[in-house]
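Atoms within each ligand, like the ligands themselves, are counted from 1 in listed order. Hydrogens, waters and symmetry mates play no part in the numbers below; they use all other heavy atoms, side chains included.
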Amino acid sequence: MDILIPKFADIVDIFIIAFLIYQILLVLRRSGGWQILVAVVAIIILATIATALNLRMVSSLLNSISRYWALALIILFQPEIRTLLSKINLSRELNLSLRKRETNYVYMPLIDAISSLSFRKIGALIVIENRRKLTEYINNGEIIDAALSLRLVLTIFNPKSPLHDGAIIIRGDRIIAAKVVLPLSKNPEYIKHFGTRHLAGIGITEVSDAIAIIVSEQNSQISVAQNGKIKVNVAYEELLQILMDATS
Ligand SMILES: Nc1ncnc2c1ncn2[C@@H]1O[C@H](COP(=O)(O)OP(=O)(O)OP(=O)(O)O)[C@@H](O)[C@H]1O
């Protein structure tokens, strides 16, 4: 029967538990994020005090709560975490769309130049450098290092220009070199179907992650080589998409 008579510590124990439950419910109702954080910190502090004062029920409850505080925080802050994550996602999307706009801005003069070259049936070989630097090929050509522009591309590939033979190499928004000699693809399938301009375009993409754009002098078709494969008769929108995908 002794067990049914509450001691002073038990009454304090029960009172504190009731008070805590009431406060937690109040905080949850207001659903303010920082109040929840304060509540969790308070629980941890109270658990330590309760253990020190030997309030067994309070301390065992608070200790078990504080053991799971990380999980409790995730559950309680779920809306805030979700908002934060969606903000991170939004900034990623914003970043992507900015990069997309940047790529559009950089490559539009190139697309215009390719369209003009194709219309006039002027052969061209344009290499877009990616992560793997093409220094050894750049060094065998003529260093230009000038801003990429429609007029410069047309001037270089003008059949009367001393620089028109070979490839140009583009790094970012600059034409780094012209008259560059590239390694020819030795793929027998390609050798059967293509001439040396196309084979050179494919060849550089077999040894690097560059993209090669080939404008055919014979049929004005635009082809794109990537990862040792060639796609013929590529539309401008598709070409822009390939450039954006490869450089973003
Ligand atoms: N190793 C190379 N590196 C860079 N450019 C090259 C290389 N070999 C050839 N070329 C370019 O290709 C031109 C020859 O193109 P050719 O007609 O043989 O090829 P093609 O693939 O049939 O192209 P097109 O359809 O334009 O005729 C050369 O004048 C030169 O500009």
- Just do the side-chain contact (heavy atoms from CB on, under 4.5 Å) check on Ile126 and Ile114 with the steps written out, would you? CA-CA 9 Å; Ile126 298 157; Ile114 289 166; 3.8 Å; yes
- Item | Leu184 N/O to ligand 1 N/O under 3.5 Å | no
- Could you tell me whether the side chains of Ser115 and Asp112 share a donor-acceptor contact shorter than 3.5 Å? no
- Starting from the C-alpha separation in whole Å, work towards a yes-or-no answer on side-chain contact (heavy atoms from CB on, under 4.5 Å) for Asp145 and Arg174. CA-CA 6 Å; Asp145 198 10; Arg174 300 186 74 77; 2.8 Å; yes
- State whether the side chain of Asn227 and the backbone N or O of Lys229 hold a donor-acceptor pair below 3.5 Å, judged by distance alone. no
- Exercise: identify the closest heavy-atom pair between Ile202 and Ala225: CA-CB, 3.8 Å
- Message: Looking only at protein heavy atoms, which one is nearest to atom 21 (O) of ligand 1, and what is the separation?
- Response: His198 ND1, 2.6 Å
- Just let me know how Ser216 lines up against ligand 1, side chain, backbone, both or neither, with a heavy-atom cut-off below 4.0 Å. both
- Numbering the atoms of ligand 1 from 1, which are under 4.0 Å from a heavy atom of Glu217? 24 (P), 25 (O), 26 (O)
- Message: Between Met108 and Phe157, is there shared hydrophobic-cluster membership here, with clusters defined by ILVMFWY side-chain heavy atoms closer than 4.5 Å?
- Response: yes
- Can a donor-acceptor pair be found between the side chains of Ser185 and Glu206 at a distance below 3.5 Å? yes
- Query: Under 4.0 Å from any heavy atom of Leu125, which atoms of ligand 1 are there?
  - Reply: 4 (C), 5 (N)
- Do the ring planes of Tyr190 and Phe194 sit parallel (below 30°), tilted (30 to 60°) or perpendicular (above 60°)? tilted
- Query: So between Leu182, Thr196, Ile122, whose heavy atom ends up nearest atom 3 (N) of ligand 1?
  - Reply: Leu182
- Task: Among all protein heavy atoms, pick out the one at the shortest distance from atom 2 (C) of ligand 1; state its residue, atom name and that distance to 0.1 Å.
- Result: Ala200 CB, 3.5 Å
- Item | Distance-only polar pair, side chains of Asn140 and Glu136, donor-acceptor under 3.5 Å | no
- Could you find the nearest protein heavy atom to atom 19 (O) of ligand 1 and give me its residue, atom name and distance? Arg197 N, 3.0 Å
- Task: Any atoms of ligand 1 less than 4.0 Å from a non-hydrogen atom of Val181? List them with their elements.
- Result: 1 (N), 3 (N)
- Task: Return a yes/no value for Leu199: is any of its N or O atoms, backbone included, closer than 3.5 angstrom to an N or O of ligand 1?
- Result: no
- Note on the structure: Logged contact type for Asn219 with ligand 1, heavy-atom cut-off 4.0 Å, is neither
- Min N/O separation Gln218 to ligand 1 under 3.5 Å: yes
- Run the contact test for Val180 against ligand 1 with a 4.0 Å cut-off on heavy atoms, strictly below, and give the result. yes
- Hey, are Lys179 and Asp165 close enough for a salt bridge, meaning a charged N less than 4.0 Å from a carboxylate O? no
- Atoms of ligand 1 under 4.0 Å from any heavy atom of Asp165, numbered from 1 in the order shown, are 28 (C), 29 (O), 30 (C), 31 (O)
- Task: Give the residue, atom name and distance (to 0.1 Å) of the protein heavy atom nearest atom 5 (N) of ligand 1.
- Result: Gly166 CA, 3.3 Å
